[in-house]
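First the proteins, then the strands, lettered A, B, ... as listed; each starts at 1. None of the values given here were measured: they were computed from a predicted structure.
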Amino acid sequence: MSSNRITVKNMTDKEYFLGHKACAGCGGSLAVRLALKVFGDRTFAALPAGCMSAVGFIYPQMAFLNNAIISTFPGTGSMLSGMRAGLDALGVKDAHVVGFAGDGGTADIGLQALSGAIDRREKIIYICYDNEAYMNTGVQKSGLTPYGARTTTSPAGNNLPGSVMQKKNLFEIVAAHDIAYAATASVGYPQDYLNKLSKAAAVEGTSYIHIYATCPTGWGTPTETSVSLAKEAVDSGLWYLAEYEDGAFTLNRKPKEFFPVKEHLLKQGRFKHLKDSDIKVIEEARDKKWKRMLEKWN
Amino acid sequence: MIDTRKNESVFVSGDEAVALGVRLSRPQVISAYPITPQTIVVERLSEMVEDGSLDAKYIHVESEHSAMSAAMGASSVGARAFTATSSQGLLYMAEGLHYASGGRMPIVMMNANRSLALPWSIFGDHRDSMSMLDSGWIQVYVEDAQEALDMTIQAYRIAEDPSVLTPFMINLDGFILTHTYELVEVPRQKEVDSYLPPFSTPNKMSLETPKSMGFSTSPADNMEFKYQQHKAMMDSMEVIKKADKEFSEMFGRSYHGLVDCYQCDDAEYILVTAGSVTGTARVAVDTMRIKGIKAGVLKLRFMRPFPEQEIRNILSGAVSYGVLDKDISFGYEGTMFTNVNSALSGSKNFPRGMNFVGGLGGRDISVQDIEEMFIALQKCPDNAYGDYIKSRVSFVNMGVNINE
């Protein structure tokens, strides 16, 4: 893998997703951009309602150079299945069929179709860019919004600390289908993401990458910190880099010491209100998860 | 197994007739989800794929929403797609219906007409498809299994016409058609192949000419797309007539385009029907004619595009007309009645009309019920006066009094 692996240095200069109207510092658009540089011209993409479809397909200004279509909000997985079946029936070989869906489109409204698609074992790649809320509609809580995050439907006040639910464990839900390949990634660790994209492109069967994607607009963070914050999220243990292959989980990065959670969270407007007791809840949940991952995963 | 190299008559249900029509149409992708009374269609298709007599990708989807979504995925890369549904399933995929028509994807779908919950009912009426009338799909209502098979083949021909590119819904009355066995003539594959060429469209994603599809528009552009969609549906009327004519030349069966008539030429009292009840109405017309009453039936085959001109021509010569709706738009009247009245509103002679709502939730409509409709039409009051507005909508064969 090392000899022909795609790196920031040797990747193509060609852009497949450009001229779109995403916010400055958008982590989701970075996830899409890098993925298409790995997948290349022979890519058919489907994107449900969400930020990337909203910013990439405004007639007559189309932002994708490869084939791309907006799917229904709940129907990314099934539209990908239909595209793959159609291409197979027409004899189109060596083409990638790829979905890019946000956290709401994946963990909430699109979960049924995603589960069906994985169950069918088709050769499709599904990428969830997780910016931890319904950003396109103006920052509402999703199933992947973390504890304590202020959104426009989980306000922080005297009675509630923002979202009172922990993030849905989607990576392991996907893995429980015994999917051919699944991984988590972060826009803060681009080489790790590129490696995983290459693996997903090569695997026979369905693959899933869940990439943590910063959203300056929704998180209340400076645009220039999008990459460093996404890196810090991993370093603080609030996100993790892992893979699921051949029935086994592997942790790709095991920080010896976590970056301080409080320092990381308080850089973000959505967490500014958190009390020390809330941060304790977050740290405890993190430690519980890491204890389990370190014990059971490679 | 049916030998499609020669004309063969087989004894099959309406669902099976659709499956045979689908196989002859050579779809490349089938997305399948079960729902009574449609299920036999996807069962038979799976058997055909298994035994190799149908070369199609068969996708087991996890919902009707995904059935439509997968069909759209297939259509978006230029593959011929088929799916089938009914009732709650049709409503569950409602988003996809508008999506497919807006995306100009010529998907063909069979719908087994079934009532809508609540209360739950697996039996037939037209409330499912009528509630989807504005979804931009061509809608045909067939009368028997033969018409179901023939229209499946014609559906692809019409939907895929470059001037149409609009999805097509074939409606079969639940159980009455879907589960009733009839003798059906199965056309030869070779002739169907010459009637229905392979699907070809510029409106697709491909490696040669990459495209963005399913895009969004601003208020500055949206109406133009909707206008084109409407125009394509209007233009489909001529395509439908041509498809029927050529089908008749090749296979010897004509359904007379958008509407079919029985004894309408000199009829004073005409009942408008859709679907399987038309057969019952034909019998009732015969008995009325014996009694010297000039009755006729207008079989409304297509609800969209709506055959305004044909309806106007045929009904404006009548003294009065009735519309038999297996549907009720609560708070007003049956949807077919509203549409027929609208078609007539521009004609010089606007005959008196009555709306008979019947068959809801699968209740039987007998020959006698229809005879009573013709008798009521003879007594139909003048449009402009008295209790006409109150009395023009009546429920057929009710078990309770209206004021009970």
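- Counting heavy-atom neighbours within 6.0 Å of A/M11 CE, excluding the residue itself, gives a total above 12.
- With a 4.5 angstrom heavy-atom cutoff, A/V92 touches chain B only via side-chain atoms.
- Residue contact with chain B, scored on non-hydrogen atoms closer than 4.5 Å, involves the backbone of A/L65 exclusively.
- Taking A/I69, A/L87, A/L80 one by one and counting their heavy-atom pairs under 4.5 Å with chain B, the maximum is reached by A/I69.
- Residue with the most contacts toward chain B among A/A45, A/G116, A/A85: A/A85 (heavy-atom pairs, distance under 4.5 Å).
- Of all the listed residues (A/A117, A/G82, A/G86), the one sharing the greatest number of non-hydrogen pairs under 4.5 Å with chain B is A/G82.
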Present all donor-acceptor pairs from chain B to chain A with distances below 3.5 Å, rounded to 0.1 Å.
residue, atom, partner, partner atom, Å
B/H60, O, A/R120, NH1, 3.0
B/E62, OE1, A/R120, NH1, 2.8
B/S63, OG, A/Q112, NE2, 3.3
B/S66, OG, A/S78, OG, 2.9
B/S69, OG, A/G75, O, 2.8
B/S69, OG, A/S78, OG, 2.9
B/S69, OG, A/M79, N, 3.1
B/A74, N, A/G82, O, 3.3
B/Y92, OH, A/Q112, NE2, 3.2
B/Y99, OH, A/I70, O, 2.4
B/Y99, OH, A/S71, O, 3.0
B/S206, N, A/N67, OD1, 3.1
B/S206, O, A/N67, ND2, 2.8
B/K211, N, A/N67, OD1, 2.8
B/K211, O, A/A68, N, 3.0
B/M213, N, A/A68, O, 2.7
B/M213, O, A/I70, N, 3.2
B/S216, N, A/F57, O, 2.8
B/S216, O, A/Y59, N, 2.8
B/S216, OG, A/F57, O, 3.1

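- Contacts with chain B were tallied for A/A54, A/A95, A/A113, A/P60; A/A113 has the most, counting heavy-atom pairs under 4.5 Å.
- Sorted by first and then second residue, the pairs that involve residues 61-95 of chain A and meet ring pair (Phe, Tyr, Trp, His ring centres under 6.0 Å), not counting sequence neighbours, are A/F17-A/F64, A/F57-A/F64.
- Atom CZ of B/F215 and atom CD1 of A/I58 lie 12.0 Å apart (nearest 0.5 Å).
- Contact annotation for B/V29: only side-chain heavy atoms (C-beta onward) come within less than 4.5 Å of a heavy atom of chain A.
- In terms of heavy-atom pairs under 4.5 angstrom with chain A, the leader among B/A67, B/P210, B/A79 is B/P210.
- Using a 4.5 Å cut-off between heavy atoms, A/L90 touches chain B through its side chain atoms alone.
- Contact annotation: the side chain of A/M83 approaches that of B/M205 to within less than 4.5 Å [non-hydrogen atoms, C-beta and beyond].
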Starting from the C-alpha separation in whole Å, work towards a yes-or-no answer on side chain to side chain contact (heavy atoms under 4.5 Å, CB included) for B/V77 and A/F44.
CA-CA 9 Å; B/V77 296; A/F44 293 78; 4.0 Å; yes
